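Residues take their numbers from the sequence shown, with the count starting at 1. These numbers come from a predicted model, not from an experiment. Just so you know, ligand 1 is whichever comes first in the structure, and atom 1 is the first atom listed for that ligand.
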Amino acid sequence: MIKLDNFSSFFVANWKLNGNFKFIDQFISKISLPKDSSKCVVICPTSIYLDYISKNKMGFYLGAQNVSQHKDGAFTGEISADSLDDINVDFCIVGHSERRQFFFEKNEEINHKSENLIKNNIVPIICIGETLEDKKKGITNDILEEQLKKSIPISSNFENSIIAYEPVWAIGTGLTPTNDEINDTHSFIREHNAKFNKFKIIYGGSVKANNVNEITSLLNVDGALIGGASLKSDEFTKIIQD
Ligand code: PEP
């Protein structure tokens with residue numbers, strides 16, 4: 001497993017259902033990775049391209065976007081943590097809000113997925129976050145507390161898992177919480193249970209080249225999960241450069 005403590009920050013590109021061989025070849029040839037090796041850059045393509053990128057990657061790490069909660073067996077169409085490990089996947093996003101929303105993933109399932117990944121020495125990047133409705137009702141911290149309690153397995157610790165705080169209303173909308181709100185929420189996650197004190201906690205939701213520095217330099221923020229802006233090699237290069 002990657003030694004998370006070797007890194008000061010994490011920049012995770014979530015390509016979602018985008019990309020093909022041509023896109024990947026161009027992207028890899030165009031991005032310029034940071035000279036600062038304490039920055040960990042992770043690219044998460046769709047599953048079909050993981051093996052190709054695994055064999056062509058240079059200077060960045062490989063992440064999947066999802067994994068089965070089952071180890072093996074009669075689960076047509078699923079991809080296991082063991083097979084991700086076979087092709088040298090380092091990280092895996094779990095519990096992204098799009099999976100929770102469109103594929104009805106529940107905290108318990110996310111917990112099993114994360115546990116399987118850890119057993120295979122793959123770092124789960126476990127996503128949590130409130131909807132706009134939750135925010136308006138003033139129940140953000142309650143929602144996060146429930147997600148943390150149920151979706152993070154007992155085997156998770158600061159050396160084998162990452163938490164991604166992604167307010168659902170900020171994903172792909174161009175809206176972001178204020179910097180104080182982001183920092184306070186990360187501090188809430190870190191402090192509400194001693195288990196999370198030393199966890200790497202990254203922020204996701206409309207991170208772009210023009211706001212990444214202010215967000216990732218916040219005291220309690222250890223990096224960013226980037227969707228839309230990670231699909232443009234020049235913008236992503238700016239994001240990871242400084
Ligand atoms: C995401 O998909 O996790 C995400 C944060 O997307 P975007 O950066 O486009 O808001």
Side-chain angles (χ1 to χ4, degrees), residues 9-19 23 27 31 39-47 49-50 60-67 89-105 107 110 113-114 117 123-132 134-135 140 143-144 147-148 151-152 161-179 181-183 185-186 189 199-216 218 220-241:
S9 52
F10 296 81
F11 296 86
V12 182
N14 176 14
W15 282 356
K16 311 192 187 198
L17 192 54
N18 298 295
F23 169 85
F27 190 93
I31 52 162
K39 286 185 174 183
C40 179
V41 175
V42 185
I43 299 204
C44 306
T46 61
S47 307
Y49 299 110
L50 283 168
F60 59 84
Y61 294 88
L62 183 61
Q65 297 176 16
N66 186 29
V67 67
V89 167
D90 310 293
F91 294 84
C92 181
I93 298 170
V94 273
H96 190 279
S97 66
E98 287 153 14
R99 300 238 28 115
R100 291 177 187 262
Q101 189 183 348
F102 303 129
F103 301 94
F104 313 109
E105 274 188 18
N107 289 321
I110 293 158
K113 291 180 176 200
S114 303
L117 289 165
V123 177
I125 300 170
I126 305 168
C127 301
I128 58 169
E130 81 286 3
T131 63
L132 190 56
D134 299 329
K135 184 177 162 64
T140 296
I143 295 293
L144 298 181
Q147 291 176 337
L148 288 168
S151 60
I152 305 216
S161 304
I162 291 179
I163 295 173
Y165 168 56
E166 297 209 296
V168 180
W169 53 271
I171 297 177
T173 58
L175 302 171
T176 53
T178 64
N179 291 339
E181 282 172 332
I182 295 174
N183 200 48
T185 305
H186 281 228
I189 295 167
F199 265 65
K200 304 284 186 192
I201 307 175
I202 62 175
Y203 167 80
S206 296
V207 172
K208 314 266 181 242
N210 64 11
N211 62 9
V212 66
N213 285 347
E214 60 190 65
I215 293 174
T216 55
L218 295 167
N220 287 302
V221 178
D222 300 302
L225 178 46
I226 306 122
S230 74
L231 288 164
K232 300 173 204 135
S233 54
D234 51 346
E235 171 121 20
F236 190 60
T237 294
K238 283 188 198 145
I239 289 174
I240 58 181
Q241 278 302 335

Could I get the full list of side-chain hydrogen bond (donor to acceptor under 3.5 Å, both in side chains) partners for Ser161, not counting sequence neighbours?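 side-chain hydrogen bond (donor to acceptor under 3.5 Å, both in side chains) list for Ser161, sorted by chain: Ser156.
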
Please enumerate all residues that pass side-chain hydrogen bond (donor to acceptor under 3.5 Å, both in side chains) together with Glu98, with sequence neighbours excluded. Lys16

With a 4.0 Å heavy-atom cut-off, what residues sit around ligand 1? Asn14, Lys16, His96, Glu166, Ala170, Ile171, Gly172, Gly204, Gly205, Ser206, Leu225, Ile226, Gly227, Gly228

How long is the straight-line distance from CD1 of Ile162 back to OG of Ser114, given to the nearest 0.5 Å?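 Output value for this atom pair is 12.0 Å.
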
Can a side-chain donor-acceptor contact be found between Asp134 and Thr131 if the only test is distance below 3.5 angstrom? yes

Pair Asn210-Lys238, side-chain donor/acceptor within less than 3.5 Å: no

Any side chain to side chain donor-acceptor pair (under 3.5 Å) involving residues 163-173? Give me the pairs, sequence neighbours left out, ordered by first then second residue. His96-Glu166, Glu130-Tyr165, Glu130-Trp169

